[in-house]
Amino acid sequence: MGEVRNTDSIDSSRRSALRTIGLFSTVPFIGGAWIGCGDSSSSSATAEAPTMSSFSTDLVLDGDVYTAAHWGALKVSVKGGKIVKSQNAFSGLEANPLQAVTADLVDGKYTNRIKAPMVRKSYLEKQAGNNKLRGADEWVEVSYEEAIKIVSDEIKRVRSSKGPTAIYGGSYGWKSSGNMHNARTLLHRFLNLGGGFVGGLGDYSTGAAQVIMPHVLGTLEVYEQQTAWPLVLEHSQVVVIWGANPADTLRIAWSSNDNQGLEYLKKLRDSGKKIICIDPAKSSTVQFFGSKAEHIVVVPNTDVAFMLGIIHTMLTSGNYDKDFIANYTEGFDKFQDYVVGKTDGVAKDAQWASSICGVSEEKIKELAEVFFGNRTMIMGGWNMQRQHHGEQAHWMLVVLASMIGQIGLPGGGFGFSYHYSNGGAPTTNAPVVGGISVGKATSGGAEWLSDGSAVSIPVARVTDMLANPGKTIQHNGKVIKYPEIDFVYWAGGNPFVHHQDTNTLLAAWRKPTTVVVHDMYWTPTAKMADVVFPITTPYERNDITMSGDYSNMNINPMKQVVAPLEKAKSDYQVFSDLAEACGFGAQYTEGKSDMDWIEEFYNAAYDNAQKAGVVMADGNAMPDFKTFWGANKPLVFDATPEGLEFVRYADFREDPILNPLGTPSGKIEIYSKTIEKMNYKDCKAFPQWFEPAEWKGMKEKSAEFALISPHPSLRLHSQLANTSLRDEYAVSDREPIWINPADAEAKGIKNGDVVRAFNKRGQILVGAVVSDIVPQGVVRIYEGAWYDPEDAAQANTLCKNGNANVLTMDIPTSELANGNSACTAMINIEKYTGAAPKNTAFLPPKGA
Ligand SMILES: Nc1nc2c(c(=O)[nH]1)N[C@H]1C(S)=C(S)[C@@H](COP(=O)(O)OP(=O)(O)OC[C@H]3O[C@@H](n4cnc5c(=O)[nH]c(N)nc54)[C@H](O)[C@@H]3O)O[C@H]1N2
Ligand SMILES: Nc1nc2c(c(=O)[nH]1)N[C@H]1C(S)=C(S)[C@@H](COP(=O)(O)OP(=O)(O)OC[C@H]3O[C@@H](n4cnc5c(=O)[nH]c(N)nc54)[C@H](O)[C@@H]3O)O[C@H]1N2
Ligand SMILES: [Mo]
């Protein structure tokens with residue numbers, strides 16, 4: 001991991017789980033002789049293609065259509081060509097409110113579609129210095145052909161005058177489900193075939209963990225299959241949910257949700273096991289378990305100190321698994337010196353830990369006994385590594401689990417993906433359905449690619465890169481030099497919502513000459529572009545996906561549900577036409593329509609299934625494509641015996657010599673010589689407590705309240721914000737902020753008040769929810785609110801809708817991983833007494 005590469009890094013890392021656990025690892029290519037026009041909307045004329053079957057892509061005007069989204073396989077009911085209902089494709093599952101709002105995503109009261117190709121006025125007029133007006137200008141509609149010409153001419157200009165390192169195509173984001181209409185991959189295919197580009201390295205989700213874990217365990221760990229849930233239910237005595245909120249976060253998955261995680265969570269609740277949630281807030285998960293779980297409130301950003309208190313207690317009492325430490329880990333002795341204070345004079349005992357993390361000394365000591373004395377599964381979430389020095393949290397947790405000594409036993413150890421994409425749902429025998437590929441950089445790339453330093457930049461360093469061309473940074477033992485970016489292309493992500501310290505981003509974003517964005521909606525990022533293309537929603541095009549990133553439980557047809565908005569095109573269509581205008585249209589499409597590709601992806605999986613004799617859950621063999629597409633239903637596959645009995649690290653435990661880990665020592669590295677050699681100040685050879693740049697217990701506080709910004713219950717980041725779900729949470733037409741009653745009283749704030757939240761980085765308006773969901777001194781604003789600047793031409797302008805990232809810190813977790821530190825921030829709050837300006841987050845910009 002951590003090598004510099006110009007591939008679709010989220011796709012490939014998240015999909016590594018599929019590759020390692022799926023039955024079939026390769027998707028052989030089936031060439032079609034059919035020469036199409038690359039038009040994704042004219043897709044039915046495949047009769048002449050010898051390898052393609054014929055099928056109907058006619059729209060259902062009255063009836064049910066099956067599709068899928070991150071939030072699950074969907075059955076959508078249509079009447080007179082309009083969506084009237086949307087629900088889970090399967091019945092009897094835990095309700096998932098995200099599945100019900102499909103109609104709003106096509107056309108609802110907040111939907112705010114981009115209806116035509118548009119160009120920012122002063123950009124179109126080529127006014128000097130027009131980039132300074134980005135986000136504060138009028139928009140002008142142009143014809144599709146004109147938009148294609150503007151963008152293709154510009155990208156040709158930048159390529160020939162400045163080379164591929166002037167084009168940033170990192171385009172981080174959650175796009176939509178679908179193996180064909182995969183916006184980011186389609187963009188990368190376009191930029192690669194055109195001659196290369198600067199990409200993004202890693203992701204926002206696990207920026208720190210996915211770089212530290214390979215040093216410690218030899219795998220990414222965060223995107224790997226977990227010990228099967230049935231074994232947890234059978235063997236675990238204690239289940240610790242440490243900084244995770246599965247009741248919310250299991251509502252979605254990277255491919256599509258198989259909905260198994262929430263079912264297992266229900267079984268866990270009813271199991272009578274000891275359940276412990278460690279979280280600063282009464283999260284949805286804490287509320288879901290109610291009296292069945294113990295909630296331990298921890299000061300945000302202090303889990304490492306908390307863990308050290310438990311570790312110190314175990315170490316000094318001798319109640320830990322010395323055999324496991326001796327046989328399966330490396331470097332405990334040096335770490336031990338740090339724990340007892342030999343190296344720095346500070347014993348990391350329960351008292352020391354308690355003074356930092358706010359958990360009582362007694363509780364810390366009790367947990368040391370409970371964990372060691374019972375079969376304990378620690379399910380760790382990711383928020384605690386999306387913090388300054390985030391590498392330390394997961395590393396320390398692995399050390400704690402090593403001392404407990406149950407790694408590799410059924411129901412014991414730790415898991416970093418039970419809360420995400422249904423980790424632990426047993427793997428089935430389904431063949432893996434592949435998707436469109438990023439292609440290879442063909443021209444002008446060779447020489448450039450040999451200078452690996454400029455190929456990919458850690459995703460969350462995007463502002464730093466745009467603002468500081470030529471600057472060098474450290475990254476996981478390598479040096480990266482920032483290129484000078486002149487062209488930014490984004491498709492399928494929303495950086496003006498997801499990235500930290502929005503005001504600094506905005507200044508840096510105005511440096512390049514051109515910014516192009518594809519989206520379905522006038523998102524804050526679309527409003528910050530020069531050219532936008534109106535994109536079809538997934539309900540307006542055909543596609544295919546699997547559900548269950550770890551289970552591979554279903555193959556879902558994603559059939560077009562409704563006719564597309566008049567001028568909307570799929571990303572595939574736009575990139576095909578741009579490629580054509582740039583002279584490599586045939587390479588881009590390989591002569592295939594979207595349906596041709598979809599059939600090809602399916603057929604490859606089908607062939608593999610046939611070879612392996614795969615039988616589906618209903619006892620039948622997989623249908624051929626025509627039957628599958630015509631049947632309009634997801635395919636269901638059963639868990640295999642191996643899937644049901646999978647214990648993470650069982651083979652390593654059985655024989656650490658024959659089955660070593662992929663670390664230099666082959667063991668769990670509590671001490672890493674590799675990291676020691678990097679000689680970083682902020683990530684050292686063993687995990688330790690570093691004081692975060694901002695936190696509740698700091699000496700000279702820059703602001704009064706610790707801000708937590710976890711993932712929203714009723715959205716996927718910024719997605720679904722523009723649906724009727726918003727009516728369920730918006731307060732005074734703003735994003736809610738949860739404030740403890742004592743703090744609210746001290747500030748004279750009441751439920752429903754408009755609140756100004758601010759710090760030295762920015763200011764936002766939010767709506768008060770006065771509640772003991774958060775402890776005193778901590779406030780919560782979910783990430784994902786659409787940024788809505790009052791006057792984007794002014795520095796430090798007010799965000800009228802309440803995007804938490806206006807207030808968060810844009811600093812790397814450390815020089816090792818350069819992950820984002822979104823969840824480390826202090827802020828102030830006050831009642832807003834002026835006339836609150838109108839929220840315009842869900843309105844189109846001027847001219848549109
Ligand atoms: N403060 C704070 N900030 C955070 C986090 C946090 O915990 N706290 N978490 C971080 C994490 S883990 C993540 S993953 C990021 C998420 O950040 P993003 O992945 O950028 O968030 P999304 O809202 O999913 O953005 C997806 C965008 O793609 C668009 N889209 C969907 N389908 C298509 C398509 O087919 N074509 C095109 N062209 N566009 C499409 C959607 O309309 C939307 O605008 O946020 C990060 N930011
Ligand atoms: N509904 C829904 N589900 C999602 C997403 C979404 O946007 N909406 N996003 C998806 C994505 S891209 C990702 S990366 C995952 C994110 O998965 P996570 O990163 O695990 O989720 P978060 O919601 O950021 O945080 C989980 C819990 O950590 C708590 N927490 C905050 N600070 C601390 C702390 O310092 N210590 C401890 N112990 N706990 C803390 C929060 O209160 C929250 O309850 O979720 C995925 N699932
Ligand atoms: Mo994420």
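In listed order, ligands and their atoms are each counted from 1. Keep in mind that the numbers below use all heavy atoms, side chains included, and drop hydrogens, waters and symmetry copies. In this chain, numbering begins with 1 at the start of the sequence shown.
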Looking only at non-hydrogen atoms, which of Ile535, Asn805, Thr808, Val532 approaches atom 1 (N) of ligand 1 most closely?
Asn805
Identify the two heavy atoms, one from Trp174 and one from His70, that lie closest to each other, and give their separation to 0.1 Å.
O-NE2, 2.8 Å
For atom 10 (C) of ligand 2, state which one of Ile252, Val297, Asp248, Val298 supplies the nearest heavy atom.
Ile252
Using non-hydrogen atoms of the residue, decide whether Trp174 is closer than 4.0 angstrom to ligand 2.
yes
Heavy atoms only: give me the nearest Cys277-Ala293 pair and the separation to one decimal.
SG-CB, 4.4 Å
Can you check side-chain contact (heavy atoms from CB on, under 4.5 Å) on Ile148 and Val574, steps first, answer last?
CA-CA 8 Å; Ile148 292 288; Val574 176; 4.3 Å; yes
Given Ile773, Asn257, Asp303, Val299, which one has a non-hydrogen atom that is nearest to atom 38 (N) of ligand 2?
Asp303
So for Val497, does at least one of its heavy atoms come nearer than 4.0 angstrom to any atom of ligand 1?
no
I'd like to check whether Ser205 has a polar contact with ligand 2, where a contact means an N/O of the residue lying under 3.5 Å from an N/O of the ligand.
no
Arg541 touching ligand 1 at heavy-atom level, < 4.0 angstrom:
yes
Give a yes/no verdict on whether any heavy atom in Pro712 is under 4.0 Å from an atom of ligand 2.
yes
Contact check, Ala804 vs ligand 1, heavy-atom distance below 4.0 Å:
no
Counting N and O atoms only, with roles assigned by atom type, does the side chain of Arg184 sit under 3.5 Å from a partner on the main chain of Ser171, one being a donor and the other an acceptor?
yes
Can a donor-acceptor pair be found, under 3.5 Å and without considering hydrogens, that links the side chain of Glu735 to the backbone of Asn801?
no
Going by the order shown, which atoms of ligand 1 are within less than 4.0 Å of some heavy atom of Tyr521?
42 (O)
Among Gly243, Ser709, Gly381, closest by any non-hydrogen atom to atom 26 (C) of ligand 2
Gly243
Tell me whether Gln719 reaches ligand 2 (any heavy atom closer than 4.0 angstrom to a ligand atom).
no
Heavy-atom contact under 4.0 Å between Gly492 and ligand 1?
yes
Judged by heavy atoms only, the candidate from Asp519, Val459, Thr824, Leu707 nearest atom 29 (C) of ligand 1 is Asp519
The side chain to side chain donor-acceptor pair (under 3.5 Å) partner of His499 among Thr808, Thr525, Asp810, Asn805 is Asp810
Salt-bridge contact Arg541-Asp594 (side-chain N to carboxylate O under 4.0 Å)
no
Near Ala822 (heavy-atom distance under 4.0 Å), the atoms of ligand 1 are 1 (N), 2 (C), 3 (N), 8 (N)
Quick one: look at Arg780 and ligand 2, take heavy-atom pairs under 4.0 Å, and tell me if it's side chain, backbone, both or neither.
neither
With a distance cut-off below 6.0 Å to the six-membered ring centre and an angular limit of 45° from the axis, does Arg715 pair with Tyr782 as a cation-pi contact?
no
Before giving the answer on side-chain contact (heavy atoms from CB on, under 4.5 Å), spell out for Thr536 and Asp571 the whole-Å C-alpha distance, their side-chain angles and the decisive distance to 0.1 Å.
CA-CA 8 Å; Thr536 48; Asp571 296 287; over 6 Å; no
Take Tyr223 and Thr206 through the side-chain hydrogen bond (donor to acceptor under 3.5 Å, both in side chains) test and state the conclusion after the steps.
CA-CA 9 Å; Tyr223 302 131; Thr206 61; 3.0 Å; yes
Nearest neighbour of atom 17 (O) of ligand 2 from the list Lys282, His711, His419, on a heavy-atom basis:
His419
Closest candidate by heavy atom, reference atom 33 (C) of ligand 2, pool Gly207, Gly390, Pro280, Ser718
Pro280
Contact with ligand 2 for Arg386, non-hydrogen, under 4.0 angstrom
yes
Trp382 near ligand 1 by a heavy-atom separation under 4.0 Å
no
Option passing side chain to side chain donor-acceptor pair (under 3.5 Å) with Ser547 (candidates Asn556, Asn259, Asp258):
Asn556
Ring centres under 6.0 angstrom apart (Trp689, Trp695):
yes
I'd like the name of whichever of Val222, Asn96, Asp279, Asn383 reaches closest to atom 43 (C) of ligand 2 through any heavy atom.
Asp279
Check for me whether Lys527 meets the cation-pi criterion with Trp509, that is, NZ or CZ under 6.0 Å from the six-membered ring centre and within 45 degrees of the ring axis.
no
Would you mind running through ligand 1 and noting each atom that sits below 4.0 Å from a heavy atom of Asp571?
34 (C), 35 (O), 36 (N), 37 (C), 38 (N)
Check whether any heavy atom of Gln500 sits under 4.0 Å from an atom of ligand 1.
yes
Any pair with a residue in residues 245-257 that passes salt bridge (Lys or Arg N to Asp or Glu O under 4.0 Å), sequence neighbours left out, goes on the list, sorted by first then second residue, please.
Asp248-Arg251
Any N or O of Arg251 that comes nearer than 3.5 Å to an N or O of ligand 2?
no
Check: of His498, Glu783, Met809, min heavy-atom distance to atom 5 (C) of ligand 1 comes from Glu783
Contact atoms of ligand 1, heavy-atom distance to Cys823 under 4.0 Å
7 (O), 8 (N)
Which is it for Pro710 and ligand 2 at heavy atoms under 4.0 Å: side chain, backbone, both or neither?
both
Which of the ligand 1 atoms, numbered from 1, are nearer than 4.0 Å to a heavy atom of His518
37 (C), 38 (N), 39 (N)
For ligand 1, which atoms have a heavy atom of Leu716 less than 4.0 angstrom away?
23 (O), 24 (O)
Which heavy atom in Phe533 sits nearest to a heavy atom in Ala147, and how many Å separate them?
CE2-CB, 3.6 Å
Any donor-acceptor pair under 3.5 Å from Gln719 side chain to Leu716 backbone
no
side-chain hydrogen bond (donor to acceptor under 3.5 Å, both in side chains) between Asn179 and Asp543: does it pass, once the steps are laid out?
CA-CA 7 Å; Asn179 294 10; Asp543 213 325; over 6 Å; no
Interfacing atoms of ligand 1 (cut-off 4.0 Å, heavy-atom, Thr523)
44 (O)
Test of understanding: given a 4.0 Å heavy-atom threshold, classify the contact between Thr249 and ligand 2 as side chain, backbone, both, or neither.
both
